[in-house]
Amino acid sequence: MTQKFTAEQIRQAVLKFISDIAPEVNLKEIVPGKLLRDQIDLDSIDFLRLLTMIHEVLGVNIPESDYAKLVSLEDIIAYLEAKTTSPTPRAIKIG
Amino acid sequence: MYEFKMPSLGAEMESGKLLEWRVKPGDTVKKGDILALVETTKSNIEVETWQSGVIEKILLEPSDKEIPVGTVLALIRTEGKTEEKEVKKEVKKEDHLSDKYLPMRQAIAAAMERSNREIPHYYLETMIPMKRTINWLSQENQNLPPASRLLPVVCLIKAVSLAAKKFPEFNGFYLEDKFQPSPKVHVGIVVSLREGGLMVPCIHDTADKKIHQLANETYDLIQRTRQGTLRASEITDATISLTSLGDEGVEKVFGLIYPPQVAILGFGKIYQAMIVEKETFRPEPVITATLSADHRVSDGRRGALFLNAIRALLQEPEKL
């Protein structure tokens with residue numbers, strides 16, 4: 001079961017990861033609709049770290065085949081929103 | 001007046017022994033000239049000056065005593081404002097990190113000037129087909145979580161290491177007018193720091209490690225380099241270096257050899273090129289590999305064979 005996160009929670013999480021990887025970045029200046037790697041110095045190792053953090057904290061394992069979809073901050077958030085599903089109904093305790 | 005201090009040659013280095021001065025008061029020195037020989041726990045290191053000028057005063061004589069890092073060893077009279085102050089002004093957020101690394105970065109900058117002056121470089125380049133490696137990586141990474149995935153640079157490091165074992169004249173140190181080949185291969189990786197500057201930390205025994213272990217160590221090393229937590233041996237032991245600017249989008253890069261090493265491999269981005277085979281051609285991913293090598297130790301023919309060996313290894317990535 002993947003936990004449900006709101007778009008805002010996802011956004012905050014991704015911004016925190018970016019801040020950990022690139023502490024010199026002013027998060028407020030990131031334009032959500034533009035190519036992320038143009039605005040922030042992220043090499044392939046930084047990108048892999050970002051994916052690792054997303055996997056460990058948000059539970060989403062992004063395959064290599066989907067990398068091309070993660071162009072802007074907006075794209076990443078939309079992708080993660082779609083991948084996090086509603087929680088299954090909780091088991092009812094009997095007795 | 002510029003203060004020449006006992007440098008930090010590694011994250012854990014607290015002190016060093018001043019073994020020998022190579023200059024005396026009154027000598028004119030240029031950026032990159034060696035001033036002294038210092039003994040650390042790992043090895044003897046020739047320390048360069050980052051500042052040009054005239055040696056004004058030697059404050060400490062060589063002895064068996066451990067001198068703490070940061071102790072002023074000599075004074076250099078300079079013309080006008082020292083560049084050191086200007087460099088310090090640019091330090092923004094991570095002050096403690098930049099201060100810790102400043103002497104090391106200055107040392108590297110000085111080494112580059114010396115490299116350019118003293119090492120007779122020759123340069124070779126070749127285009128290497130990367131289809132097999134890319135396909136193999138895709139397959140491997142499909143079933144792996146992000147933390148364990150292999151990046152192309154790891155394959156490059158492994159291929160260079162295995163080839164270096166067969167071509168010892170590219171793997172070792174040129175010291176005191178002679179070349180000492182190294183029995184082990186410790187690849188130095190050129191890492192750019194977020195606030196500017198380069199470090200060239202190494203991974204030990206790169207030829208002997210399985211590729212997944214090499215990947216973990218590479219990512220860990222790069223992270224620790226950027227955080228400022230490197231070990232002394234990682235800074236001083238590289239036997240050959242590798243620079244990769246694929247992420248930055250250039251097709252090729254020719255590196256400068258980091259003395260006392262004798263070679264550096266450069267790789268650009270993986271890009272599509274037309275591969276001609278018999279009478280047909282088709283687009284395939286390729287990478288341009290370059291070799292900058294010390295002509296006192298090797299020549300173009302051996303360099304070409306070395307690059308060929310690297311190419312051959314990248315055509316059988318599953319064997320890396």
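Excluded from the calculations below are hydrogen atoms, water molecules and symmetry mates; all remaining heavy atoms, backbone and side chain alike, are included. Naming convention: chains lettered A, B, ... in sequence-line order (proteins, then strands); numbering from 1 in each chain.
- N61(A) contributes no side-chain N or O that, together with a main-chain N or O of P145(B), makes up a donor-acceptor pair within less than 3.5 Å.
- Interatomic distance, E64(A) CD to L150(B) CG, rounded to the nearest 0.5 Å: 9.0 Å.
- To the nearest 0.5 Å, atom CG of residue D247(B) and atom CG of residue D46(A) are 8.5 Å apart.
- Atoms CD and CG, from E248(B) and D43(A) in turn, are 6.5 Å apart once rounded to the nearest 0.5 Å.
- Here the CZ-CG distance, from F47(A) to L151(B), works out to 10.5 Å after rounding to the nearest 0.5 Å.
- At a 4.5 Å heavy-atom cutoff, the contact between S138(B) and chain A is made by backbone and side-chain atoms alike.
- By the 6.0 Å contact criterion, CZ on R132(B) is open, its count of non-hydrogen atoms from other residues, nucleotides or ligands being 12 or less.
- In terms of modelled atom types and a separation under 3.5 Å, the side chain of R194(B) and the main chain of D41(A) share a donor-acceptor contact.
- Within a 6.0 Å radius of NZ in K252(B), other residues, nucleotides and ligands contribute 12 heavy atoms or fewer.
- Neither the backbone nor the side chain of Q142(B) comes within less than 4.5 Å of any heavy atom in chain A.
- When the candidates A147(B), G246(B), S148(B) are compared by the number of heavy-atom contacts under 4.5 Å with chain A, A147(B) comes out ahead.
- Between L51(A) and R149(B) the shortest side-chain heavy-atom distance falls below 4.5 Å.
- Only the backbone of I62(A) comes within less than 4.5 Å of a heavy atom in chain B; its side chain stays farther off.
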